[in-house]
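Heavy-atom basis, side chains included; hydrogens, waters and symmetry copies ignored. Being a predicted model, the structure only gives us computed values, none of them experimental.
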Amino acid sequence: MKENRGDGLFSHVVKISRKLAALGPSGLVTSKVESSPMKTTWYCPLDLSSVSEVEEEGVIYTVVVKQQNVSPTSPVPLTSRSQCVKAGTEEKLVLHLLHSFSMGDSSFVSIFLSTYRSFTTTKKVLEILTNRLEHPPGDNKGSQSRLSFNKAVCSVFSAWLAEYPEDFQALGDPAPILRLTPLLPTDPSGSEVKSRLLKIAEELSEKALLCDSPTDSSASMTTPSDPAKFDATNILGFRGQLIAEQLTMIETELFLRLVPYHCLGSLWSQRDKKGRKGVCWSVWATVQQFNRLANAVTASCLWDTGLRTQQRARLLEKWISVAEECRARKNFSSLYAIVSALQSNPIHRLRRTWADTDREAVRRYEELSDIFSEKDNYSQSRELLKEEGTSKFANLDTKMNHRKQTGSVVQGTVPYLGIFLTDLTMLDTAVKDRLENGYINFDKRRREFEVLAQIKLLQSSCKNCSFVRDEPFLQWYDSVPTLSEEESYRLSNQIEGLSEASPSRTLNPTVVITRCPDHVPSETSPAFENEGVFDLPSPVNHLLSKLAKHMKSPSVSCLDVDSSPSSTDNTPSALTSSTNVVKSHRRSVSCGNTPANSSQGAGPDMRIIRIRMDIQDGNLYRSILVTSNDKTPSIVSAALVKHNQDPREASRYQLIQLLPDGKELTIPATGNVFYAMTSSSVDFELRRQGMMTPLSSQPISSETSATFPRIKAKGRRLVRTLF
């Protein structure tokens, strides 16, 4: 007879209960070793929390009340209450600095000092605090409220001076400091703060009297090289360990000088605006070094076109060896720069050179490339950073074939900075700066601080690193000439012509390095280059993980770089973001801001597509920004330019969308690409009129594609859904 559904469920519960009874309570610890006549009682601490919001004039607090029973004999449960700022006016947020400790908001001071530049200025903060100090609480200096107030004032300014003394040094005018110092407490802590502030005020006064011109910290640290003195093969004379050590030394010095708040999306996205040129100088320095190393790899492999294939293969093997040593030293920035350069089109297309490269070296190179794979939202690079961030040594996988440790010296971790830049940009894009009532959204700053705190943690791991400079290598490194993308491609074609290059390797390049001069304004264009290098989201908090899933892990970087012809400026180029074809972080997909030619709130719909060509060396996809106004001829012309082909031949090509399961969609010759394409794929191919579909044509997995679905609006909808 068929068992009744309710009886079946009951019997199933009974079985589970019996199993649990046999196993004992999970997660609880007892000291019971042998049988005892005494009864064993299990106690589970009860954590009762209530969360509510309290709105006062100009501020909204998140109030958390916790009740916890310490033991069953305790008649009265302990209660703790914390009152954290969720949002507020500028004045209320500044004044909360003095009350945060008493309210249980212990992290507020650190978060505020790390992020306040996103919504106010140092001068304004000092003005609000000074006004408050002029009217302190308490009837007299000895009252309890006055003493607590003075202690909070000293704590805030001590932390500010310790962490960000440059904020006061950048004031220019000593007047705000001179107004503040007489109001500081007269106790020992207050006296120490006062003396430090007066010293800074004195320095500012001297600078004002001397009329010193401000220095541009974002200027390139290298002098122009002399191409006539450059010998590409000299790199073979240096051991791979020595090269990696010197590169790690350079990267570590730059990383320690990095100012974490320079990475905030609200600051980094405005770096190209007038008057903001040097605002993120510490990030620019890291970007320039990344691009400089990528250029050194490219130039050493392509500069001497007269080398035999075997000699050029030795150069590739040398850089692969250096990349391995960088990995062993947890120098992920240099590692990614080298891998990116080897994956760039001018080097990737050299079929005969790669064929003569040692197979074992190529295998190790592909394993290193997998570290920065887009698979599962860059899971491998994220996991490595999580595991090795503060460890003393790299956790080298046996398959990497590392035969020895790099020594007993403690190693810091130099991360790929694009991880954090992208995360902070996504946060800045997706979460509103202000609530509907106009209050500053401080919860957003708390989430940004989580990212900045990870940067600081990694910086602390590098503070005890020591290096010995090797002048011969550094002289060679300084002598490397700067190549534009067009020059690199021209040299590559001289080494192996178009008819020769047909790479048989299966490695799918993930990055194409392109360059442009620093801080060069440009005009708007319907397409821009995204093959930058800073394009890795990081797993620092739950919000970013969810955003990454919804946004399909944008592969367009925060620091897009130029693919336009090089100018006459021979200064070393640096990675910048594309304003269009040239540069602008504001046009970057991962940054989520609309192009300059789009009016705010009424711009055209946009999307990033990736186009490859049917030419023999057209093994790389190039990214194009497509708006709802773009027709097929303009997109085809832009794609030809990016593939170093003649755009006047656009009429001879047709644009094919590569769909899943090997299907294709031909875009009409005069059609609107944005509306003609389907949403199932962003991979396209330029094919000459009348040519058949190549047998090897396989669209790349959609998980690596980049899209631009009005990211600001979508990000905000996501945040409303998630929070």
Hey, what do you get for SG (Cys263) to CG (Leu417), rounding to the nearest 0.5 Å? 4.5 Å
Under 3.5 Å: donor-acceptor pair, side chain of Thr632, backbone of Gly671: yes
Would you say the side-chain atoms of Ser334 and Glu251 include a donor-acceptor pair closer than 3.5 Å? yes
For the pair Ser461 (side chain) and Leu458 (backbone), establish whether a donor and an acceptor sit closer than 3.5 Å, ignoring hydrogens and angles. yes
If I take atom CD from residue Gln454 and atom CG from residue Leu457, how far apart are they, to the nearest 0.5 angstrom? 7.0 Å
Run the numbers on Ile338 and Ser340 for side-chain contact (heavy atoms from CB on, under 4.5 Å), then give the verdict. CA-CA 5 Å; Ile338 295 171; Ser340 299; over 6 Å; no
Please name all residues satisfying side-chain hydrogen bond (donor to acceptor under 3.5 Å, both in side chains) with Ser100, sequence neighbours left out, ordered by chain then number. none
When rounded to the nearest 0.5 angstrom, what distance separates CD in Gln657 from CD1 in Ile611? 10.5 Å
Hey, are the side chains of Asp167 and Arg117 touching, using non-hydrogen atoms and a 4.5 Å cut-off? yes
Looking at Thr120 and Tyr116, would you say the former's side chain and the latter's main chain have a donor-acceptor pair under 3.5 Å? no
Can you tell if the side chain of Asn331 reaches within under 4.5 Å of the side chain of Leu335, non-hydrogen atoms only? no
For Ile440, what residues pass the side chain to side chain contact (heavy atoms under 4.5 Å, CB included) criterion, not counting sequence neighbours? Glu90, Leu93, Phe119, Arg434
Does any N or O in the side chain of Gln459 come within less than 3.5 Å of the main-chain N or O of Leu258, such that one atom is a donor and the other an acceptor? yes
Any side-chain heavy-atom pair of Pro415 and Phe255 under 4.5 Å: yes
Salt bridge (Lys or Arg N to Asp or Glu O under 4.0 Å) between Asp630 and Arg607, intermediate numbers included: CA-CA 11 Å; Asp630 289 329; Arg607 195 173 188 188; over 6 Å; no
So, Ser114 side chain and Ile111 main chain: donor-acceptor pair closer than 3.5 Å or not? no
Sub-4.5 Å side-chain heavy-atom contact between Leu254 and Arg257: yes
Using the rule side chain to side chain contact (heavy atoms under 4.5 Å, CB included), only one of Leu97, Val109, Thr122 pairs with Trp160; which is it? Thr122
Might you work through the salt bridge (Lys or Arg N to Asp or Glu O under 4.0 Å) test for Arg447 and Glu450, ending with a clear yes or no? CA-CA 5 Å; Arg447 295 188 177 94; Glu450 293 179 23; 5.8 Å; no
side-chain contact (heavy atoms from CB on, under 4.5 Å) between Phe332 and Ile419, worked out: CA-CA 11 Å; Phe332 293 100; Ile419 293 176; over 6 Å; no
Rounded to the nearest 0.5 Å, how far apart are CD of Glu55 and CG of Asn437? 6.0 Å
Ignoring hydrogens and geometry, is there a side-chain-to-backbone donor-acceptor pair from Asn672 to Ser628 under 3.5 Å? yes
Spacing of CG belonging to Asn441 relative to CZ belonging to Arg446, to within rounding of 0.5 Å: 10.5 Å
Check whether Ser333 reaches the backbone of Val414 with its side chain - one donor and one acceptor, N or O, closer than 3.5 Å. no
Quick check: do Phe684 and Ile635 have side-chain heavy atoms less than 4.5 Å from each other? no
In terms of heavy-atom contacts, Ala87 and Leu435 come closest through CB-CD1, 3.4 Å
Are the side chain of Thr62 and the backbone N or O of Lys86 linked by a donor-acceptor pair below 3.5 Å? no
Measure the shortest side-chain to side-chain distance between Ile371 and Tyr336 over non-hydrogen atoms and say whether it is less than 4.5 angstrom. no
What's the verdict on side-chain contact (heavy atoms from CB on, under 4.5 Å) for Ile608 and Val682, showing C-alpha distance, side-chain angles and the deciding distance? CA-CA 7 Å; Ile608 297 293; Val682 294; over 6 Å; no
If you take all heavy atoms of Leu113 and Tyr164, which pair is closest and at what distance? O-CE1, 3.5 Å
OG1 on Thr89 to CD1 on Ile60, rounded to 0.5 Å: 10.5 Å
Heavy-atom neighbours of Lys456 NZ exceed 12 at 6.0 Å: yes
Taking all atoms of both residues into account, what is the closest heavy-atom pair of Ser344 and Thr298, and its distance? OG-OG1, 4.3 Å
Is the shortest heavy-atom distance from the side chain of Val63 to the side chain of Val51 under 4.5 Å? no
Between Ala294 and Ala341, the two heavy atoms sitting closest are O-CB, 3.5 Å
Keeping His262 on the side-chain end and Trp268 on the backbone end, is there a donor-acceptor pair under 3.5 Å? no
Answer yes or no: is there a donor N or O on one side and an acceptor on the other, between the side chain of Glu685 and the main chain of Leu658, under 3.5 Å? no
Once side chain to side chain contact (heavy atoms under 4.5 Å, CB included) is applied, do any residues pair with Glu56, and if so which ones, sequence neighbours excluded? Val54, Val59, Tyr61, Gln83
Any Asp428 side-chain heavy atom under 4.5 Å of Leu264 side chain: no
Can you name the nearest heavy-atom pair linking Val85 to Phe442, along with the distance? O-CD2, 4.0 Å
Begin from the C-alpha positions of Arg445 and Leu427 and carry the test side-chain contact (heavy atoms from CB on, under 4.5 Å) through to its verdict. CA-CA 9 Å; Arg445 307 307 162 194; Leu427 271 174; over 6 Å; no
How close do Val673 and Lys631 get, counting heavy atoms only, and between which atoms? CG2-C, 3.9 Å
